[in-house]
Engineer: 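Mind looking over this structure? Questions follow.
Naming convention: chains lettered A, B, ... in sequence-line order (proteins, then strands); numbering from 1 in each chain. Worth saying up front: this structure is predicted, and the values here are computed from it rather than measured.
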Number of protein chains: 2
Amino acid sequence: MEIVDLSTLPDSEVRYTEFLRQICEKHDMDHAAYAGMNPAAGTVAGFVTYDDAWNEHYQKQGLIMIDPTIHMARRSIAPVDWSRLERSPDFQRVFRDAHDFGLPSQGVTIPIRGPYGDIGLLSATRNCSKEEWRKLYTNFIGDLQAMAVHIHDNVVSSDQLTGALYHPTLSSREAEILQWVAAGKSQQDIGDILSISHRTVEVHLRSSREKLSALTTPQAVGRAIAIGLITPG
Amino acid sequence: MEIVDLSTLPDSEVRYTEFLRQICEKHDMDHAAYAGMNPAAGTVAGFVTYDDAWNEHYQKQGLIMIDPTIHMARRSIAPVDWSRLERSPDFQRVFRDAHDFGLPSQGVTIPIRGPYGDIGLLSATRNCSKEEWRKLYTNFIGDLQAMAVHIHDNVVSSDQLTGALYHPTLSSREAEILQWVAAGKSQQDIGDILSISHRTVEVHLRSSREKLSALTTPQAVGRAIAIGLITPG
DNA sequence: TTTTCTATTGGGGGATTCCCGTATTTTGGC
DNA sequence: GCCAAAATACGGGAATCCCCCAATAGAAAA
């Protein structure tokens, strides 16, 4: 097994779809798709090997809003075998359409999460009998898992690195205090913890809000978590 | 390859360490360890195949606080090969001790994140040459990835406190209001927007906090964003 | 060196949030 | 249908937060 190092390839859009195509080849898949969501930047990146016709239909019909593979995978740790969703009405809605475009309704979606709330979904489909699918599943799932990590890691780090320049930086004290706030501590608590006045805590909090262009502390905490300056407590 | 279904085995503590032992056997590893952290519940679950002597030393010396493999993996998407940390002073501190207990300083830690801020770390160590390690790496990393997902998924869903937190659903009104809070609106603002009393807004906010097991609104917003119930505003 | 800027620390007082109640409507289980 | 639980809605008063003010130490710029 060989993992192509994505970071050595030239252009992003092309190299990601090419990477997906390689995954298909290696495991005899019909199609592969990746969707990466970065709540910090509010961006969604998608790369697919599907035909343009299906992509357009998918977009136009707003199928992403009801696609159960996405909803399920967003809330799951483990890979989601689409067969588990077969009885969902939304599934039938989406895959009846998919079938018209010649796409198989057999596949798996692997969720990958980064430390900053970012989520990547790698899906792969293959048209074969259920027995065959089941038999192959345990063989390729580990590799797909590694592929999903690889592509997601590359997408977000290239995205966040560029985005990092536009994001504010908190002083260590500010980040420290905001982290305690995110952990549910009151200003008085934090003052006691850090052995400073709760007034001082508030000033740091205020400058944190200003740096994050937040109107309120909850908004500041939300942004700081989304950006990755602090972690949810 | 065969994945032993953890949920079918009897007792938790035993079955997890047994699972780790099987991982070791399959991939010729010396030791394996899993640590699962649930920041929301504040719980940490750990299972290891190390000797008790090392465990005790590790605990007693508070090595978990400085262990760079943990710190690094907590912030990473991809597996962390320990060789990347060799020059860290903390690494040398921890693994000088480890060496005294006969543990190899070659290993990898795989981070797995769930949708609710929970993190699982699966580590595996093996005493061999660097060349051999490198050569084997691409072979077992995919499988280890799948194993990490499997064990973390099981631990998290069997943890009762987590289980409760794991499916927090906000009512539409609660999510709507929390979303406005994350957008920096005050309770009065939100009341005006939704044409209800700001008192009512506060009640929904309170039940949101309770459902998210949050002590404060900022903490609730942070968690809701981390979970994906709302988006940063 | 002097100036300027930022990080840090602190107080008073008004605004906001939060905890304590209550009540009506909707939902879900038996 | 009935009852329990949750969702929705509102208010008083205490606790907390947030905006105004000022001050010092240290770093960077002049």
Engineer: Can you tell me the distance, in whole Å, between the CD atom of B:Gln219 and the P atom of D:dC17?
Structural biologist: 13 Å
Engineer: Counting just side-chain N and O atoms, does A:Gln188 come under 4.0 Å of either OP1 or OP2 of D:dT16?
Structural biologist: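 No, no such contact exists.
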Engineer: Out of curiosity, B:Leu178 CG to B:Leu205 CG, how far, rounded to the nearest 0.5 Å?
Structural biologist: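 The distance works out to 6.0 Å.
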Engineer: Could you go through B:Ile151 and B:Leu20, starting from their C-alpha distance and side-chain angles, then the distance that decides it, and tell me whether this counts as side chain to side chain contact (heavy atoms under 4.5 Å, CB included)?
Structural biologist: CA-CA 9 Å; B:Ile151 190 172; B:Leu20 292 175; 4.1 Å; yes
Engineer: Starting at NE2 of A:His150, measure out to CD1 of B:Ile77 and round the result to the nearest 0.5 Å.
Structural biologist: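 Answer for the NE2-CD1 pair, A:His150 versus B:Ile77, is 11.5 Å.
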Engineer: I'd like the 5' and 3' limits of the part of DNA chain C contacted by chain A, with heavy-atom contacts below 4.0 Å.
Structural biologist: C:dA7 to C:dG13
Engineer: Below 4.0 angstrom, N of the basic side chain to O of the carboxylate: do B:Asp100 and B:Arg96 qualify?
Structural biologist: no
Engineer: Decide whether A:Arg209 and A:Thr216 meet the rule of one side-chain donor and one side-chain acceptor closer than 3.5 Å.
Structural biologist: no
Engineer: Students often get this wrong, so: under 4.0 angstrom with heavy atoms, is B:Thr216 touching a base, only sugar-phosphate, or nothing?
Structural biologist: nothing
Engineer: If we fit an axis to the first five pairs and another to the last five of the helix from C:dT1-D:dA30 to C:dC30-D:dG1, what angle do they make, to the nearest 10°?
Structural biologist: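 The two end axes of the helix from C:dT1-D:dA30 to C:dC30-D:dG1 meet at 60°.
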Engineer: Taking all heavy atoms of B:Gly222 and all of A:Val221, pick out the closest pair and write down the distance.
Structural biologist: CA-CG1, 4.2 Å
Engineer: State plainly whether the residues B:Arg15 and B:Glu18 are in salt-bridge range, i.e. N to O under 4.0 Å.
Structural biologist: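 No salt bridge links B:Arg15 with B:Glu18.
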Engineer: Run the numbers on B:Asn55 and B:Gln59 for side chain to side chain donor-acceptor pair (under 3.5 Å), then give the verdict.
Structural biologist: CA-CA 6 Å; B:Asn55 296 338; B:Gln59 293 281 345; over 6 Å; no
Engineer: Of all heavy-atom pairs between A:Ala33 and A:Val48, which one has the smallest distance, and what is that distance?
Structural biologist: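 That closest heavy-atom pairing would be CB-CG1, 3.6 Å.
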Engineer: For nucleotides 23-29 of chain D, tabulate all protein N/O to nucleotide N/O atom pairs closer than 3.5 Å, reporting atom names and distance.
Structural biologist:
none

Engineer: Atom CD in B:Glu176, atom OG in B:Ser171: separation rounded to 0.5 Å?
Structural biologist: 9.0 Å
Engineer: Using the side-chain hydrogen bond (donor to acceptor under 3.5 Å, both in side chains) definition, which of the options A:Gln106, A:Glu132, A:His31 pairs with A:Arg126?
Structural biologist: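 So, applying the side-chain hydrogen bond (donor to acceptor under 3.5 Å, both in side chains) to A:Arg126 and each of A:Gln106, A:Glu132, A:His31, only A:Glu132 qualifies.
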Engineer: Could you give all pairs that pass the ring-ring contact (aromatic ring centres under 6.0 Å, His included) test and reach residues 58-90 of chain B, with sequence neighbours left out?
Structural biologist: B:Trp54-B:Tyr58, B:Trp82-B:Phe95
Engineer: Between B:Arg173 and A:Thr217, just flag the one whose closest nucleotide in DNA chain D comes earlier from the 5' side.
Structural biologist: B:Arg173
Engineer: At less than 4.0 Å, is any side-chain N or O atom of B:Ser171 found next to OP1 or OP2 of D:dA6? Yes or no.
Structural biologist: no
Engineer: Provide, to the nearest angstrom, the distance between the CD atom belonging to B:Gln187 and the P atom belonging to D:dA15.
Structural biologist: 18 Å
Engineer: Is there a residue in residues 192-207 of chain A whose heavy atoms reach under 4.0 Å of DNA chain D, and which residues are they?
Structural biologist: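 Listed by number, they are A:Arg199, A:Glu202, A:Arg206.
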Engineer: Evaluate A:Glu202 against A:Arg206 for salt bridge (charged side-chain N to carboxylate O under 4.0 Å, His left out), listing each step before the verdict.
Structural biologist: CA-CA 6 Å; A:Glu202 197 275 328; A:Arg206 188 189 318 161; 2.8 Å; yes
Engineer: Please check if the side chain of B:Gln179 supplies one atom and the backbone of B:Thr231 the other of a donor-acceptor pair under 3.5 Å.
Structural biologist: yes
Engineer: Among residues 174-183 of chain B, which ones have heavy-atom contacts with DNA chain C below 4.0 Å?
Structural biologist: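 Here the set is empty: none.
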Engineer: Measuring from A:Thr125:OG1 to A:Tyr50:OH, what's the distance to the nearest 0.5 Å?
Structural biologist: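 Reported to 0.5 Å precision, the distance equals 5.0 Å.
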Engineer: If the cut-off is 4.0 Å, is B:Lys211 near the phosphate of D:dA7, judged by side-chain N/O to OP1 or OP2?
Structural biologist: yes
Engineer: Report yes or no: do B:Ser83 and B:Asp81 form a side-chain donor-acceptor pair below 3.5 Å?
Structural biologist: yes
